[in-house]
Amino acid sequence: MHDQIRNELREFIGDNYLFGDHDRLPGDEASLLEEGIVDSTGVLELIEFLEDHFGIVVGESETVFDNLGSIGGLTRFVAGKTLAGQPVG
C-alpha cells in the first residue's frame, strides 16, 4: 500500500509542480519546500489533491511539516489516515 501511495504522490508532484520533469523529483525524505518544489500555495493544492484523490480529510492541526513536507511524510500520513478507517477514494 505504501508503494502505491508513494507512486501516486510522486506522479502528482512531478506532473503538477515539476511540469512533467520527473527526473527532478527529490528523494522521499527531502523537503519539498527547501527544494523549491512546493510553496505555500502549492501546499494548499497538495491538500486538495490528498482529500480528493485519497478520500481523506486533512485537519488544520495536521498541516505540519512532518505530514506534508516530503514525499515520505506524505506517504506515511496518507497511509496512516487510510489505516485509521478513512477509505482511499
Side-chain angles (χ1 to χ4, degrees):
M1 177 200 269
H2 278 78
D3 287 342
Q4 178 184 350
I5 292 169
R6 182 178 57 246
N7 290 341
E8 291 174 20
L9 288 166
R10 290 179 68 80
E11 184 76 19
F12 175 79
I13 291 167
D15 288 350
N16 291 280
Y17 300 110
L18 299 174
F19 307 103
D21 187 0
H22 293 262
D23 292 336
R24 290 187 42 225
L25 280 166
D28 286 351
E29 300 307 321
S31 169
L32 296 172
L33 293 168
E34 289 178 11
E35 296 287 329
I37 295 170
V38 176
D39 60 14
S40 57
T41 303
V43 171
L44 297 175
E45 294 170 352
L46 186 56
I47 290 170
E48 184 177 332
F49 169 75
L50 296 176
E51 291 182 336
D52 291 346
H53 186 78
F54 294 106
I56 62 173
V57 175
V58 180
E60 189 173 325
S61 66
E62 297 172 313
T63 59
V64 296
F65 180 81
D66 286 346
N67 293 339
L68 308 176
S70 67
I71 293 171
L74 285 160
T75 301
R76 290 185 292 276
F77 176 67
V78 170
K81 295 284 272 188
T82 302
L83 293 174
Q86 291 196 23
V88 172

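Residue numbers run from 1 in the order of the sequence given.
Taking hydrophobic clusters as Ile, Leu, Val, Met, Phe, Trp and Tyr residues chained together by side-chain heavy-atom distances below 4.5 Å, Val78 does not share a cluster with Leu44. Criterion: ILVMFWY side-chain heavy atoms under 4.5 Å apart, direct or through other members. Under it, Phe19 and Ile37 are not part of a common hydrophobic cluster. Both Met1 and Phe54 sit in one connected hydrophobic cluster of ILVMFWY residues. Membership requires side-chain heavy atoms under 4.5 Å apart, directly or through other members. One hydrophobic cluster, built from ILVMFWY side chains closer than 4.5 Å, cannot hold both Phe77 and Phe65; they sit in different ones.
Side chain of Arg76 to main chain of Ile71: no donor-acceptor pair is present (N/O by atom type, distance under 3.5 Å, no hydrogens or angles). Between the side chain of Asn67 and the backbone N or O of Thr63 there is no donor-acceptor pair closer than 3.5 Å. Within the 3.5 Å criterion, the main-chain N or O of Val58 finds a donor-acceptor partner in the side chain of Glu51.
Other residues, nucleotides and ligands contribute at most 12 non-hydrogen atoms within 6.0 Å of the CD atom of Glu48. Applying the 6.0 Å contact sphere to CD of Glu35 captures more than 12 heavy atoms from other residues, nucleotides or ligands.
To the nearest 0.5 Å, the span separating CG on Asp23 from CG on Asp21 amounts to 5.5 Å. Residue Arg10 holds its CZ atom at 12.0 Å from CG of Asp15, rounded to the nearest 0.5 Å.
Annotation: side chain of Leu32 is in contact with side chain of Pro26 (closest heavy-atom distance under 4.5 Å). Between Asp3 and Thr75 there is no side-chain heavy-atom pair separated by less than 4.5 Å. Looking at Leu9 and Phe49, their side chains come closer than 4.5 Å, going by heavy atoms from C-beta outward. At least one side-chain heavy atom of Leu74 sits under 4.5 Å from a side-chain heavy atom of Ile13. Side-chain atoms of His53 and Glu8, non-hydrogen and from C-beta on, do get closer than 4.5 Å to each other. Residues Asp28 and Arg6 form a side-chain contact, since some pair of their non-hydrogen atoms from C-beta on lies under 4.5 Å apart.
Heavy-atom minimum distance, His2 versus Ala79: NE2-CB, 3.5 Å. Taking all atoms of both residues into account, the shortest heavy-atom contact from Tyr17 to Gly42 is OH-O, 2.7 Å. Minimum heavy-atom separation, Ala30 to Ser70: O-CB, 3.3 Å.
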